[in-house]
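The block underneath contains the structure these notes are about, expressed in structure tokens.
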There are 2 protein chains.
Amino acid sequence: MEPINVFKALSNETRLKILEWLKEPEKNFPKQGAHLPKDVSYKGGVCVGDIQEKAQISQSTVSSYLNMMQKAGLLESIRHGQWTYYRRNEEFIQELAKYFKTEI
Amino acid sequence: MEPINVFKALSNETRLKILEWLKEPEKNFPKQGAHLPKDVSYKGGVCVGDIQEKAQISQSTVSSYLNMMQKAGLLESIRHGQWTYYRRNEEFIQELAKYFKTEI
DNA sequence: TTGACATATCGAAAAATCCAGATATATAAT
DNA sequence: ATTATATATCTGGATTTTTCGATATGTCAA
């Protein structure tokens, strides 16, 4: 775990919002599921396009944000067809909260 | 509380170290107290010069770092004579850990 | 296999951050 | 009053971040 990279990832309004939105995907991305194939249950995963629409920033920006957050450990992703679904890496985030409590 | 500013303040190796050093001031700044007047008991406060020496960065940089961390809420300071003593704002940091646990 | 769509990567301009030296200010000592 | 010391503020060049449009890649559908 690289705390500096985590904090950098969290140092941006949009990225912080994305992380919060992904806590309640079905609430914040209601139309999600339209293209989510039934045979897949990537619980909580939201595709890039839906996140972009909600965040109101360019496609390239949202893509690199998500990549950055994933590299920091905050998110995980899976590709399904032409969609990439991102969701929170709750295990990592839990460790992070522990780190925060004990080390900060 | 402005989480973004907190995360920005934490997004730097030196500032992160300072925050950690200040968890155990008497251990990390052993000579501290030489100029700390007896009649003052600013528990845990360390003066700018001592922090600068330990961090090995310029005086102006350490001063603005400390100011930034204080504005973010992480530190608090008190002036005593020609010295400014900085220490952790534990109350704020505790709230922060709570915020982190519940909001992140 | 061609076209359409989702996402990733590239390249660049603008803005922000980093960090130092120079200078200003506040306090203490003489 | 003058000088010395600690800290704060100012200025600015170097580096990094932000964010976009353009382009590339991967996948599905016709």
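Nothing here was measured: the structure is a model prediction, and the numbers come from that model.
An OP1 or OP2 oxygen of D:dA8 is reached within less than 4.0 angstrom by a side-chain nitrogen or oxygen of B:Y86. For A:T61, no side-chain nitrogen or oxygen approaches OP1 or OP2 of D:dT19 to under 4.0 Å. Between B:S60 and the phosphate of D:dT7, there is no side-chain N or O to OP1/OP2 separation shorter than 4.0 Å. At C:dA8, none of the side-chain N or O atoms of A:R79 fall inside 4.0 Å of OP1 or OP2 (strictly under the cut-off). The side chain of B:N67 places no N or O atom within less than 4.0 Å of a non-bridging phosphate oxygen (OP1 or OP2) of D:dT7.
Listed candidates were D:dT7, C:dC18, D:dG26. Nearest to the side chain of B:T84 is D:dT7.
For the residue pair B:S60/B:S63, the side-chain donor-acceptor check at 3.5 Å is not satisfied.
Computed from coordinates, the A:L66 CG to C:dA8 P distance equals 7 Å when rounded to whole Å.
Side-chain atoms of B:S58 and base atoms of C:dG21 include no donor and acceptor less than 3.5 Å apart. Checked by distance alone, A:Q59 brings a side-chain donor or acceptor within 3.5 Å of a matching partner on the base of C:dA8.
In this structure, A:Q52 CD and A:Y65 OH are separated by 12.5 Å, a value rounded to the nearest 0.5 Å.
Evaluation of the side chain to side chain donor-acceptor pair (under 3.5 Å) rule for B:S64 yields no partner, not counting sequence neighbours.
Relative orientation of the A:Y99 and A:F7 rings is tilted, given thresholds of 30° and 60° on the angle between their planes.
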